[in-house]
Amino acid sequence: MPAVGTLTRLNMARGSVTVRTDSAREAFLETLTACCNVTAACKAAGIGRQTAYQWREDDPAFAVAWAGALEEAVDALEKEAWRRAAEGVDKPIVFQGVVTGSYREYSDRLMEILLKAHRPDKYIERVRSENLHAVSITIQGPAADL
């Protein structure tokens with residue numbers, strides 16, 4: 001369960017050996033932080049997805065680092081969503097294949113999502129269902145005996 005050094009794990013079912021190195025661990029965590037994608041992080045580290053999940057299960061320190069990397073990645077996504085919602089994004093105006101200008105586009109949808117995430121008590125839709133009438137059902141015929 002070491003977080004530092006090299007850990008070798010035999011995969012008896014496949015007859016292969018997986019070696020966990022600091023460089024593979026760091027490549028995985030750096031890429032996961034940058035893109036929030038386990039598959040991309042595995043490719044950067046040169047390991048398979050199953051191996052990464054096994055490392056996370058076997059090494060509590062790696063599991064904590066994995067969770068931290070995902071938190072950082074999601075924070076970056078949230079920051080970008082806020083930028084697009086509040087500051088907008090420049091979009092080109094194209095006429096006959098030529099860019100003739102630009103305009104700033106804001107994302108109302110991203111703003112809505114951010115408000116719902118940060119102030120759910122105020123912005124999340126609620127569905128209220130009330131049953132104001134009692135319903136009586138009578139089954140007749142052969143089905144009534146079932």
Side-chain angles (χ1 to χ4, degrees), residues 1-137 139 143 146:
M1 154 171 133
V4 184
T6 303
L7 176 67
T8 303
R9 183 178 199 328
L10 259 134
N11 185 338
M12 300 308 277
R14 294 170 133 184
S16 64
V17 176
T18 301
V19 178
R20 184 178 342 175
T21 63
D22 288 343
S23 62
R25 179 183 188 272
E26 291 309 311
F28 178 89
L29 293 171
E30 284 176 20
T31 305
L32 189 61
T33 300
C35 70
C36 198
N37 184 286
V38 173
T39 300
C42 289
K43 286 181 183 177
I47 61 173
R49 285 176 54 90
Q50 210 171 14
T51 298
Y53 284 103
Q54 190 63 54
W55 287 2
R56 186 177 71 173
E57 186 179 316
D58 291 346
D59 184 351
F62 183 66
V64 168
W66 180 317
L70 285 177
E71 283 297 317
E72 276 190 58
V74 172
D75 284 348
L77 290 172
E78 187 175 39
K79 181 180 175 188
E80 178 61 15
W82 184 89
R83 186 189 69 76
R84 291 179 186 203
E87 297 176 7
V89 177
D90 286 330
K91 298 283 189 163
I93 298 170
V94 180
F95 178 72
Q96 295 182 345
V98 177
V99 176
T100 60
S102 67
Y103 66 97
R104 185 154 296 255
E105 182 177 83
Y106 300 87
S107 175
D108 291 341
R109 181 69 181 128
L110 284 173
M111 184 65 74
E112 178 185 342
I113 290 167
L114 289 168
L115 287 169
K116 286 178 179 181
H118 291 284
R119 299 244 169 106
D121 292 344
K122 187 172 185 178
Y123 292 105
I124 287 187
E125 296 93 6
R126 289 170 183 73
V127 177
R128 185 174 169 176
S129 177
E130 293 182 26
N131 184 4
L132 301 175
H133 305 286
V135 176
S136 176
I137 299 173
I139 299 174
L146 294 177

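Residue numbers start at 1 and run along the sequence shown.
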Problem set entry | Residue among I47, T51, L32 satisfying side chain to side chain contact (heavy atoms under 4.5 Å, CB included) with C42 |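 Of the listed residues I47, T51, L32, the side chain to side chain contact (heavy atoms under 4.5 Å, CB included) partner of C42 is I47.
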
Problem set entry | More than 12 heavy atoms from other groups under 6.0 Å of NZ on K116 |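 Enclosed: over 12 neighbouring heavy atoms sit under 6.0 Å from NZ of K116.
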
Exercise. Can you list every pair that meets salt bridge (Lys or Arg N to Asp or Glu O under 4.0 Å) and has a residue in residues 68-79, with sequence neighbours left out?
Worked result: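 Of all non-adjacent pairs touching residues 68-79, none passes salt bridge (Lys or Arg N to Asp or Glu O under 4.0 Å).
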
Could you measure the distance from the [atom1] atom of [X] to the [atom2] atom of [Y]? Nearest 0.5 Å is fine.
X	Y	atom1	atom2	answer
I113	D108	CD1	CG	11.0 Å
F28	R56	CZ	CZ	8.0 Å
T33	E26	OG1	CD	9.5 Å

Exercise. Can you find a heavy atom in the side chain of F62 that is under 4.5 Å from one in the side chain of R25?
Worked result: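 Yes, side chains in contact.
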
Exercise. Does the side chain of Y106 reach to within under 4.5 Å of the side chain of M111, using non-hydrogen atoms?
Worked result: no

Problem set entry | Residues that R119 engages under side-chain hydrogen bond (donor to acceptor under 3.5 Å, both in side chains), provided they are two or more places apart |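 None.
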
For this session: Before giving the answer on side chain to side chain contact (heavy atoms under 4.5 Å, CB included), spell out for Y103 and D90 the whole-Å C-alpha distance, their side-chain angles and the decisive distance to 0.1 Å.
Result: CA-CA 6 Å; Y103 66 97; D90 286 330; over 6 Å; no

Problem set entry | Polar side-chain atom of R104 near backbone of G88 as donor-acceptor pair, under 3.5 Å |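 Checked: pair present.
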
For this session: Determine yes or no for a side-chain-to-main-chain donor-acceptor pair under 3.5 angstrom, with R83 supplying the side chain and V89 the backbone.
Result: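 Not at all, since once roles are kept as given, no pair shorter than 3.5 Å links the two residues.
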
Looking at [X] and [Y], what are the two nearest heavy atoms and their distance?
X	Y	answer
D59	A61	OD1-N, 3.0 Å
A73	C36	CB-CB, 3.4 Å
C35	A40	SG-CB, 3.7 Å

Problem set entry | Those residues that, when tested against Y53, pass ring pair (Phe, Tyr, Trp, His ring centres under 6.0 Å) (two or more places apart) |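 For Y53 the ring pair (Phe, Tyr, Trp, His ring centres under 6.0 Å) partners, ignoring immediate neighbours, are W66.
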
